[in-house]
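These numbers come from the heavy atoms of this one structure, side chains and all, not from hydrogens, waters or symmetry mates. All residue numbers refer to positions in the sequence shown, counting from 1.
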Amino acid sequence: MNRKELIFTTARKIIVQNGLFDASIGKIAKEANVSVGSLYTYYKSKEALVNDIFIETKQEMGQYIFQPISKSITEKEELKIYWERAVEFGLTNQEKFLFAEQFANSPLIKKTNKEEVKQNFERVFALLERGIAEGNLKAIDLFVLHNIIYTNIVGTIKYFSQQETKITKKLKDQLFECCWDSIKI
């Protein structure tokens, strides 16, 4: 791992564990075993570092969740695949998921960065638009529909990351059905 990657992963870990306020540049540099000057070589500020971590993390999530689907399927089946991949990503990459969740609505993340990240999730919005147009989904604001789905995913990930209980296929199916029932007509 090169210095920049080490700073990046160390900062993400410290921010998730201790919060942004307790993640000083000095603490990040010390934990990454680099000088403060080296850290500033790569990042102008803590805000720039957080923005870079956010963008890369959300892009990685998007690439994982939205891997191509090779067959023609219904909106429900496609949404279920995306839902399952999102839950799987969150459970297997908890630090990345928690970081992304922590900063999803933060004013610290630049608007242009949020727009760039949003492009990764255009497939979901297209899917929701298609479902509304075909009369399969409730005709409400796309961001509201997306938020209903996202909240279900976040709740599922947080619940199972804090429990001894393993998520079974049956339980996963039931949780997705709860999500689907809340948006379908």
field: Any Gln174 side-chain heavy atom under 4.5 Å of Leu171 side chain
entry: yes
- request: For side chain to side chain contact (heavy atoms under 4.5 Å, CB included), just list the numbers for Asn136 and Ile185, CA-CA rounded to whole Å, side-chain angles, deciding distance to a tenth of an Å, and then say yes or no.
  value: CA-CA 6 Å; Asn136 299 324; Ile185 290 201; over 6 Å; no
field: Contact check, side chains of Ile81 and Glu78, non-hydrogen atoms, under 4.5 Å
entry: no
- request: Any pair with a residue in residues 132-160 that passes ring pair (Phe, Tyr, Trp, His ring centres under 6.0 Å), sequence neighbours left out, goes on the list, sorted by first then second residue, please.
  value: Phe125-Phe143, Phe125-His146
task: Output, in order, the C-alpha distance, side-chain angles, deciding distance and verdict of side chain to side chain contact (heavy atoms under 4.5 Å, CB included) for Phe8 and Lys4.
output: CA-CA 6 Å; Phe8 186 94; Lys4 186 174 182 179; 5.6 Å; no
- line: Between the NZ atom in Lys46 and the CG atom in Leu39, the distance rounded to the nearest 0.5 Å is 11.0 Å
Any side-chain heavy-atom pair of Ile7 and Val34 under 4.5 Å: yes
task: Please round to the nearest 0.5 Å and tell me the distance separating atom CG of Leu175 and atom CD1 of Ile153.
output: 11.0 Å
field: Which residues share a side-chain contact (heavy atoms from CB on, under 4.5 Å) with Asn51, sequence neighbours left out
entry: Glu47, Ile109, Lys110, Asn113
message: My understanding is that only residues two or more places apart in sequence, or in another chain, count here; which of them pass side-chain contact (heavy atoms from CB on, under 4.5 Å) with Gln17?
response: Lys13
query: Tell me, which pairs form a ring pair (Phe, Tyr, Trp, His ring centres under 6.0 Å) where one or both residues lie in residues 76-114, sequence neighbours left out?
result: Tyr64-Phe89, Phe66-Tyr82, Trp83-Phe176, Phe99-Phe103
query: Side-chain contact, heavy-atom cut-off 4.5 Å: Ile149 with Leu128?
result: yes
query: Among all residues two or more places apart in sequence or in another chain, which pass the salt bridge (charged side-chain N to carboxylate O under 4.0 Å, His left out) test with Lys172?
result: none
- prompt: For Tyr42, what residues pass the ring pair (Phe, Tyr, Trp, His ring centres under 6.0 Å) criterion, not counting sequence neighbours?
  reply: none
- prompt: How close do Ala104 and Lys114 get, heavy atom to heavy atom, and via which atoms?
  reply: O-CE, 3.8 Å
Thr41 and Ser38: CA distance, side-chain angles, deciding distance, side chain to side chain donor-acceptor pair (under 3.5 Å) verdict: CA-CA 5 Å; Thr41 300; Ser38 289; 5.2 Å; no
Tell me which donor-acceptor pairs under 3.5 Å the side chains of residues 22-30 have, and how far apart each pair is, sequence neighbours excluded?
| from | atom 1 | to | atom 2 | distance (Å) |
| --- | --- | --- | --- | --- |
| Ser24 | OG | Lys27 | N | 3.0 |

field: Value rounded to 0.5 Å, distance of CD in Glu77 from CD1 in Ile69
entry: 9.5 Å
query: Would you call Met61 and Arg85 a side-chain contact if the rule is heavy atoms closer than 4.5 Å?
result: no
- request: Please identify each residue that fulfils salt bridge (charged side-chain N to carboxylate O under 4.0 Å, His left out) with Glu134, with sequence neighbours left out.
  value: none
message: So Leu91 and Ile167, do their side chains get closer than 4.5 Å, heavy atoms only?
response: yes
- line: Note: Thr9 and Glu95 closest approach over all heavy atoms is O-OE2, 4.0 Å
field: Partner set under side-chain contact (heavy atoms from CB on, under 4.5 Å) for Gln102, not counting sequence neighbours
entry: Ile15
field: Contacts of Arg3 that satisfy salt bridge (charged side-chain N to carboxylate O under 4.0 Å, His left out) - sequence neighbours left out
entry: none
Glu56 bridged to Lys96 by N-O distance under 4.0 Å: no
Residue from Lys80, Lys184, Lys76 passing salt bridge (Lys or Arg N to Asp or Glu O under 4.0 Å) with Glu177: Lys76
task: Applying side-chain contact (heavy atoms from CB on, under 4.5 Å), name anything that partners Ile148, two or more places apart in sequence or on another chain.
output: Ile140, Val144, Ser182, Ile183
message: Among residues at least two apart in sequence or on other chains, which ones pass salt bridge (charged side-chain N to carboxylate O under 4.0 Å, His left out) with Glu75?
response: Arg130
- prompt: After noting the C-alpha distance and the side-chain angles of Leu142 and Ile132, does the key distance pass the side chain to side chain contact (heavy atoms under 4.5 Å, CB included) rule?
  reply: CA-CA 9 Å; Leu142 289 177; Ile132 291 169; 3.8 Å; yes
field: Pairwise distance CG(Asp181) to CG(Asn152) - rounded to 0.5 angstrom
entry: 10.5 Å
message: Does Leu49 form a side chain to side chain contact (heavy atoms under 4.5 Å, CB included) with Lys44? I'd like the steps, not just the answer.
response: CA-CA 8 Å; Leu49 174 59; Lys44 290 187 279 185; over 6 Å; no
